[in-house]
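These notes concern the structure reproduced below.
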Amino acid sequence: MALDKNFEAAEAEARIYRAWEAGKCFAAGANAKPDGVPFSILIPPPNVTGSLHMGHAFNNTLQDILIRWHRMRGDDVLWQPGTDHAGIATQMVTEREMALHQEPSRTAMGREAFVARVWEQKHKSRGTIIGQLKRLGASCDWDREAFTMDGGFHDAVLKSFVDFYDRGIIYRGKRLVNWDPQFETAISDLEVENIEVQGHMWHFKYPLAGGETYTYVERDEDGHVVREEERDYISIATTRPETMLGDGAVAVHPDDVRYAPIVGKLCEIPVGPKENRRLIPIITDEYPDPDFGSGAVKITGAHDFNDYGVAQRNGIPMYILLDTKGAMRDDGLSYADSAEIARAAAAGEITAAEVDVDAVNLVPDAYRGLDRFEARKAIVADITGEGLAVMMPDEEGTPQPFVEQKPIMQPFGDRSKVVIEPMLTDQWFVDTAQIVQPAIDAVRTGETRILPEQDQKVYFHWLENIEPWTISRQLWWGHRIPVWYGFDLRLQDFVDDEGDGTLDPTEMLRFLTADNLVRGTDRHHAAMDFDGVTGLFADVIAALPLPLSHAQVVEVEDRHTAAHAMARSLAQYEIDQDPTKLVYPVWRDADVLDTWFSSGLWPLGTLGWPEDTDELKRYFPTSVLITGFDIIFFWVARMMMMQYAMVGQRPFDTVYVHALVRDEKGKKMSKSVGNVLDPLDLIDEYGADAVRFTLASMAAMGRDLRLSKDRIAGYRNFGTKLWNAARFAEMNGATRRDVGAASGVPEASAPVNRWILAETGRVREAVDAALTAYRFNDASSAAYSFTWHMVCDWYVEFAKPLLQGSDAALKTETQAVMAWVIDQCLILLHPTMPFITEELWGLLGDRERMLVHADWPGYTATDLADAEAEAEMSWVIGVIEEVRSARAQMHVAAGLYVPMVHTGLDAEAAEAWARNETLIKRLARIESLDQVDALPKGAVTISARGGTLGLPIADIIDVSAEKARLEKSLAKLDKEVNGLQRRLDNPKFAESAPSEVVEETRQNLSAREGEAARLREALARLAEVA
RNA sequence: GGGCGGUUAGCUCAGCGGUAGAGCACUACGUUGACAUCGUAGGGGUCACUGGUUCGAUCCCAGUACCGCCCACCA
């Protein structure tokens, strides 16, 4: 059997992966020794409809390296795979797909049908990313593949939600939240990207009520009056004129003397129907900065986060102006009626809380329905037209409306890329402050370790300043909030006040509780189960007076439908007095949970919680989480908080945070820029091993990596190199594995063989040390340079004469050692390059087990150390390198064998020569070695420990070239000697430096001086020739 | 406005209190019975700048410059 010349990655990878799967090689606990300790990693679940990008490739390569390494070490390994339902992203993808195929729109098909359609989409695309992970070589336990919407996972989500609610950690309320007008849903702070854009700041006059005036005085720092005038207005700066209609007040700083005369007075919002403009109070608050703008701030509580705070503090009413799409509202009450309510609120006739913000609509007819940006233009034009813009003289002195061009930070949705609106809506929140502390403490005490350590700071900073987490989303795809509502009929008359079928009773909330959960017939789907819902309200019904206590619970779409159903049912009862026909309509909360709420439960949920499964007992807490820095807040911090909150345990021992994969110019890869490298394309072109090895070799902690194809090609070449070394071994019968001690390490007597064993021991330890410290780049580079520069460059070359020589015993020994060394390369490289190593493992012998389950070696560098052989081989290598270097510079024909002479070698050098003569002769192209009294004139000098060697080839070389060569070396040496000498001459050095450093420096100096002396002798000899 | 990171060979990056390293690129030579996806030899760096600590600084400290990232409610 002879190996092909190259490894055919495309063909072999698929075949090998199938063999691993067929052998159940990745199953949890596979290859675990009886005493194997658990080692578990949870995959960061990719979006189920996603496809593999470079970040995934990087992330999963690192995980697979650790997993394969631990599996070979005999640990009880679990790599838990799965995908995320990715609420917004998946809903978006599906809708796009539906539009593409001219299917009915989401709203046209209705919620139930749409959710079914998304499931269909999920089933269609799920295989994509899983297949791609397999192509990368990921050795997950695929039989355990999880999905964040699976029944079991859903349980974990429900249990957590209800638990949190019962503990007062989850609450519902009308709050100002970030609203995405594109997806028409609330989003959390983290999903907002603040981007600097060129904005405008307009300055408008808010006239004082009743034409009142005051003296406006402005002073400079020294108190000198720089401006003094009578004004009948207060000047306001705003970047958002369209929100003026919702102003509830104008605020100034309490210390701002400019406005002191008018505090408490009313001013008029300069927009809307002239005959019916709203008056708002001028109030004081600490928020306005007197040095910014005019120092006066309009307060629009419903559309600005700062203003929201001011409004709350001061009881200022808030008015919602925009609809869910970000257009000016066109619903609710008329402007006139709304303005009347607002007037009452401003006058203190009603409190801010009494204003029905959903009904009051302060958008004048002229602007109703306009998009927010259109409305802005129209309002600016109208105010300016009316002469209420603050004017500033331009360069020529002509007054112009004062509009500042200035960069402003504007919030954008991270997925929709549209401008986010602060909106006052009913949402569900997690009061994260209540559960954050254990997550902070865990990292502080080291119970969970975050690597690299600098990322801990980022983690702490965010957690220590954590804000409530908005967890409800107005989407259809996701875990629907397990809450049902019904009317509290105990508190209200069932009168249809409006006569239009709408009731206005207080709603009563009912939650799926832990009790309800077990009450359902099918525990896994209790939340969806109508019987479960009936159960939820059983006590409500029972408590109602006859005949209502006979009512049947029916679940309806929403509150509005429920009101109609209730009214109809009651009307019917008036007619037929039949209590069995009475219904009690209930409706479910329409919102779903933030995707990160469920992925926050990924550790527990994938392991079977809330059931007390074996997996949970064995693999939780998990060993390490490998994830990108970009989701520390989104995911890592929340997992920490949620696992602690639910089970009081850390989810991970270690969190390894990796950086971003960028393009070769250092730019972030993005589809719009078009600089995306698709890992699948790269795998096609170079093979998965090369891609993996590249990523691992660049995975220095804490720094972004720039990926270039050149680098990948280089590591593809490395694979070829390894392949050919193995091919050489196979061609030379170096496949024997029958010579060796019980440890499996072969016995060796030849120095070259003893030496390579020692080197192997060293690299084994280096690789383990690097992986233990998550230094993937160090691990790969250690294995790389050992394989290429130690084994291929030297050992294989040394072995050639031995394998082809006549010493049968030496040949056998070398075959065995080489077979073993190549095996060690395969083993050490397998975690990073699983395919090619597995292929070679199979081709190089009949094995009991595949490489994926081979034993990771346990020998240490000390076990295999051999000072004698190592010193000897370093002499041999030194001589060969010297000869090669001299030959190359003297332009001696590469293939030409030349004689060598020496003037006497010390015992050590003589023995080294004697034992390795054939090796040196072959590698240095030396014909013979003879002792001479003195090196011949013009000989090329070879400096070596323990003697002077020379190549008497004056006739074939250029003497002046040799002179130049020697002088150059000498100059370099002299520089070193000087440096060392200077250091030793400094008395403080000897005093302060550790003795071993001083000693080392002394030895170094004498060695260098010896070399220099030899070179000077050689130069002298050359001078004789010339 | 806060915080963090970076600045080392032409390029991409390791390293780190005690002779500056790798890969790629470059130059010269080479079809040596594993490998031209290769081999051998070689060129190339005042380790951003300025101070400080130290016997000794690319490495530690402070500051400066430039680059990048994260967080942040100045209308």
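Chain naming here is simple, since letters A, B, ... match the order of the sequence lines and numbering starts at 1 in each.
- The distance from atom CD of A:Glu453 to atom P of B:rG3 is 20 Å, rounded to the nearest whole Å.
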(message) For a quick check, with a 4.0 angstrom heavy-atom cut-off, what is the B/S/- contact string for nucleotides 36-44 of chain B, read 5' to 3'?
(response) SBSSSSSS-
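- Proximity note for A:Lys406 (side chain, C-beta onward) versus B:rA75, B:rG15, B:rC71: the nearest is B:rA75.
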(message) Could you walk me through whether A:Arg313 and A:Glu286 satisfy the salt bridge (charged side-chain N to carboxylate O under 4.0 Å, His left out) test, starting with their C-alpha distance in whole Å, then the side-chain angles of each, then the deciding distance to 0.1 Å, before giving a yes or no?
(response) CA-CA 10 Å; A:Arg313 278 197 291 279; A:Glu286 298 288 332; over 6 Å; no
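- Listed pair A:Lys800 / B:rA34 meets the phosphate criterion, a side-chain N or O lying under 4.0 Å from OP1 or OP2.
- Taking A:Arg925 as the reference, nothing meets the salt bridge (Lys or Arg N to Asp or Glu O under 4.0 Å) condition, with sequence neighbours excluded.
- The shortest distance between the side-chain N/O atoms of A:Arg706 and the OP1/OP2 oxygens of B:rC13 is below 4.0 Å.
- Following rounding to the nearest Å, A:Glu1000 (CD) and B:rG18 (P) show an atom-to-atom distance of 10 Å.
- Residue A:Thr238 places its side chain closer to B:rA75 than to any other of B:rG18, B:rA75, B:rC55.
- Relative orientation of the A:Phe204 and A:Trp202 rings is parallel, given thresholds of 30° and 60° on the angle between their planes.
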For residues 629-638 of chain A, tabulate all N or O donor-acceptor pairs below 3.5 Å that involve a side-chain atom, not counting sequence neighbours.
{"from": "A:Trp635", "atom 1": "NE1", "to": "A:Ser599", "atom 2": "O", "distance (Å)": "2.9"}
{"from": "A:Arg638", "atom 1": "NH1", "to": "A:Phe634", "atom 2": "O", "distance (Å)": "3.3"}

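- A:Glu404 pairs by the salt bridge (Lys or Arg N to Asp or Glu O under 4.0 Å) definition with nothing, not counting sequence neighbours.
- Distance from the side chain of A:Asn986 is smallest for B:rC55 among the nucleotides B:rA34, B:rA75, B:rC55.
- B:rG23 and B:rA65 have their P atoms separated by 38 Å, with the value rounded to a whole Å.
- With sequence neighbours excluded, the residues forming a salt bridge (Lys or Arg N to Asp or Glu O under 4.0 Å) with A:Glu421 are A:Arg240, A:Arg372, listed by chain and number.
- Note on A:His253: nothing from the nucleic acid sits closer than 4.0 angstrom, heavy atoms only.
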(request) Could you summarise the pairing of RNA chain B as dot-bracket text, marking Watson-Crick and G-U pairs under 3.5 Å with ( ) or [ ] inside the strand and | across strands? (result) (((((((..((((....[..)))).(((((.......))))).....(((((..]....))))))))))))....
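- When the ring pair (Phe, Tyr, Trp, His ring centres under 6.0 Å) test is applied to A:Phe693, the partners found at least two apart in sequence or on another chain are A:Tyr715, A:Phe718.
- The side chain of A:Asp289 sits closest to B:rA75 out of B:rA75, B:rC55, B:rA14.
- Residue pairs meeting the side chain to side chain donor-acceptor pair (under 3.5 Å) criterion with at least one partner in residues 982-997 of chain A, sequence neighbours excluded, are A:Gln981-A:Asp985.
- For A:Ile408, counting side-chain heavy atoms from C-beta on, the closest listed nucleotide (B:rA75, B:rG18, B:rC70) is B:rA75.
- The salt bridge (Lys or Arg N to Asp or Glu O under 4.0 Å) check on A:Glu797 picks up A:Lys800, with sequence neighbours excluded.
- Nearest nucleotide to the side chain of A:Tyr287, out of B:rA72, B:rA34, B:rA75: B:rA75.
- For A:Met409 and B:rA75, the CE to P distance is 10 Å, given to the nearest whole Å.
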